[in-house]
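For reference, the structure is listed below as structure tokens.
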Amino acid sequence: MSTSSAAICDYDVAIVGAGPAGTACALALRQSGLRVALLDKAQFPRDKVCGDAVPGQAFKALRRLDPAFVEQLWQLQPRDDVRDSRLVAPSGASLTLQWKLPSFNSPRETFDAALLELVRTHSDTTILENTILKGLHIDAECVHLHLAEGAELTCQVVVGCDGANSVVGRKLLPAPLDRAHHCAGVRAYYENVAGASSGTTEFFLSSDYLAGYVWLFPVGAGRYNVGLGMLSEIVSAHKVDLKETLTRVLATHPELAGRFAQARPLGPIVGFGLPLGGGRERLISGGRFMLCGDAASLIDPLQGHGIDTAIQSGILAGAQAAACFKQQDFSAEFMQQYDAQVAHKIGRKLAKSYRLMRFLSNKAWLVNAAVRLARVPGLKPWVQRAIG
């Protein structure tokens, strides 16, 4: 596809960030005829601090693009195929819930590199690794991306898929940190964890950190992703040291202490931010640009996952970019179609999760009651639907 104005820009579409959102956007544009560049500050494979859970909805979205994408991803190693989740209430009672869609856990170093390989194999996208975006500005005809060492790249549309600290978002839609819609998390890898089962993710809630949870996720090859996430307003108000709290919980929790007595850490505890979706309305696009995934605050507030919403939003952004070129309309008004699609297909579910998270965040007794209720014949499916 060519246009008279496209000739003055280096690319038609530049996607910043080659994680799940960026790679999904590039795959969605693979048959568009547009000149697409995919930039990332890292060289792949690279680590990404995360819980490493890939929800079934992520594969469902990719399958709509091409079933071969999903088949290739299911060959990844290491990975752990997830069948169910075990929820441990503050009372110590537990509830096991079955997953409806096939899903797996895999270290992001492995998973994200596999997504980028799909882009290399199945599209003509220009992939620019080790390319650091310092800033950008938009004029009447192009988006100017200011790269490290004074280099510049131009495009007609930029898609910000560059995570929780998005350069694109900070420059084009700056907003202060809203701790009521943000979580802080820490994660470490362990091996030799007693009593852990392949195929089961575990969540531990406590009255001490109810606006969050401790997780234990098998990721294959005998390794476990272990972490703690908590609402940032709680972390700030109570000056919580998440790294210290996770270490203490693993040593003192009635169930976890014994299981981690002989466990071996495989690296340090590291932190990350999770911008939550669902609690507020915010713009995620404007003239010649869109934000996706974490950059658009699309983390699920209740379960903490965001790979699925990143992929879904990346695909929607790819469709919107193609529509912009078809209509030759790059205005903020036309881009609102993307915001509307994200709100309809992703935002409503996140809003439900946010309301439920806030409702439960200071009600340990209610979480305990829900786990007891789920043991009543016929009520377990209702509880499972309620928590997604």
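Predicted, not measured: the structure shown is a model, and the values here were computed from it.
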How would you list, by chain and number, every residue that makes a side-chain contact (heavy atoms from CB on, under 4.5 Å) with Pro45, sequence neighbours excluded?
Glu109, Ala113
Same apolar cluster (I L V M F W Y, side chains within < 4.5 Å links), Phe334/Val143
no
Backbone N/O of Gly19 and side chain of Asp112: donor-acceptor pair under 3.5 Å
no
Pair Asp139, His144: side-chain N/O donor-acceptor within cut-off below 3.5 Å
yes
Does a side-chain heavy-atom distance below 4.5 Å link Pro20 with Ile311?
yes
May I ask you to check whether Thr200 and Arg83 show a side-chain donor-acceptor distance below 3.5 Å?
no
Is there a path of hydrophobic side-chain contacts, each under 4.5 Å between heavy atoms of I/L/V/M/F/W/Y residues, joining Leu302 to Leu101?
no
Using a 3.5 Å distance criterion without hydrogens, assess whether the side chain of Thr309 forms a donor-acceptor pair with backbone atoms of Ile299.
no
Would you say Thr252's side chain and Arg248's backbone share a donor-acceptor pair under 3.5 angstrom?
yes
Contact check, side chains of Arg282 and Ser297, non-hydrogen atoms, under 4.5 Å
yes
What are the two closest non-hydrogen atoms of Gln312 and Ala61, and how far apart are they?
CG-CB, 4.0 Å
Please determine whether the number of non-hydrogen atoms from other residues, nucleotides or ligands lying under 6.0 Å from atom CZ of Arg179 exceeds 12.
no
Do any N or O atoms from the side chain of Thr121 and from the backbone of Leu118 form a donor-acceptor pair under 3.5 angstrom?
no
Where the side chain of Arg35 meets the backbone of Ala14, is there a donor-acceptor pair that is under 3.5 Å apart?
no
Residue pair Ser353 / Asp300, side-chain donor-acceptor N/O under 3.5 Å:
yes
Over all atoms of both residues, closest heavy-atom pair of Leu291 and Tyr338
O-OH, 2.6 Å
With a 4.5 Å heavy-atom cut-off, do Leu250 and Val226 have their side chains touching?
yes
Indicate whether the side chain of Trp215 and that of Thr201 have a donor and an acceptor atom separated by less than 3.5 Å.
no
Would you call Lys134 and Glu149 a salt bridge, using N to O less than 4.0 angstrom?
no
Test: Cys142-Cys9 SG spacing under 2.5 Å
yes
Can you sort out the partners of Thr110 under side-chain contact (heavy atoms from CB on, under 4.5 Å), two or more places apart, ordered by chain and number?
Leu76, Pro78, Ser106, Pro107
Assert yes or no for the condition that the ring centre distance of Phe260 to Tyr190 is strictly below 6.0 Å.
yes
Could you tell me whether Asn165 atom CG has more than 12 heavy atoms of other residues or ligands within 6.0 Å of it?
no
List, by chain and number, the other hydrophobic cluster members for Val219, where Ile, Leu, Val, Met, Phe, Trp and Tyr join if side-chain heavy atoms come within less than 4.5 Å, directly or indirectly.
Tyr189, Leu266
Are Glu191 and Arg223 within salt-bridge range, i.e. N to O under 4.0 Å?
no
Are any of the side-chain heavy atoms of Asp12 and Val157 separated by less than 4.5 Å?
no
Would you say Gln320 and Gln341 make side-chain contact, with heavy atoms under 4.5 Å?
no
Closest approach of Gly185 to Leu242 (non-hydrogen atoms, all atoms of both residues)
N-CD1, 4.0 Å
Smallest heavy-atom separation, Leu231 atom then Ala180 atom, equals CD1-O, 3.9 Å
Check whether Asp162 reaches the backbone of Val168 with its side chain - one donor and one acceptor, N or O, closer than 3.5 Å.
yes
Are the side chain of Ser313 and the backbone of Gly293 linked by a donor-acceptor contact shorter than 3.5 Å?
yes
For the aromatic rings, using the six-membered ring if either is Trp, is the centroid distance between Tyr213 and Phe203 under 6.0 Å?
yes
Flag if over 12 foreign heavy atoms under 6.0 Å of CG, Asp66:
yes
Under a 3.5 Å distance rule, please check whether Glu129 uses its side chain to pair with a backbone N or O of Leu39 as donor and acceptor.
no
Are Val88 and Leu205 close enough that some pair of their side-chain heavy atoms sits under 4.5 Å apart?
no
Single-linkage hydrophobic cluster, 4.5 Å side-chain cutoff, Leu283 and Phe289 together:
yes
For residues Met230 and Val270: do they belong to one hydrophobic cluster (side chain heavy atoms under 4.5 Å, members Ile, Leu, Val, Met, Phe, Trp, Tyr)?
yes
Would Gln43 and Asn130 count as a side-chain hydrogen bond (donor to acceptor under 3.5 Å, both in side chains) if you check the C-alpha gap in whole Å, the side-chain angles of each, and the deciding distance to 0.1 Å?
CA-CA 5 Å; Gln43 178 77 39; Asn130 291 321; 2.7 Å; yes
Counting distance only, does the side-chain N/O of Arg79 pair as donor-acceptor with the main-chain N or O of Asn105 below 3.5 Å?
no
Counting neighbours of NZ on Lys48 that are heavy atoms of other residues, nucleotides or ligands and sit closer than 6.0 Å, is the number greater than 12?
yes
On a heavy-atom basis, which atom in Tyr224 and which in Val193 lie closest, and how many Å separate them?
CD1-CG2, 3.8 Å
Could you go through Asp47 and Arg187, starting from their C-alpha distance and side-chain angles, then the distance that decides it, and tell me whether this counts as salt bridge (charged side-chain N to carboxylate O under 4.0 Å, His left out)?
CA-CA 12 Å; Asp47 187 25; Arg187 170 276 270 167; 3.1 Å; yes
Gln31 and His122, any side-chain heavy atoms less than 4.5 Å apart:
no
If we ignore angles and hydrogens, is there a donor and acceptor under 3.5 Å between the side chains of Gln262 and Asn192?
no
Test: Arg86 and Glu255 ion pair at under 4.0 Å
yes
Nearest non-hydrogen partners of Thr125 and Ala37, listed with the distance:
CG2-C, 4.3 Å
When you check the gap from the basic side-chain N to the acidic O, do Arg108 and Asp52 get nearer than 4.0 Å?
no
Spell out, as yes or no, whether a donor-acceptor pair under 3.5 Å connects the side chain of Arg259 to the backbone of Ala194.
yes
Dump the intermediate steps for salt bridge (charged side-chain N to carboxylate O under 4.0 Å, His left out) on Lys239 and Glu244, then the final yes or no.
CA-CA 12 Å; Lys239 296 180 170 52; Glu244 183 278 330; over 6 Å; no
Stepwise, does the ring pair (Phe, Tyr, Trp, His ring centres under 6.0 Å) test hold for Phe59 with Trp74?
CA-CA 10 Å; Phe59 300 112; Trp74 275 88; 5.4 Å; yes
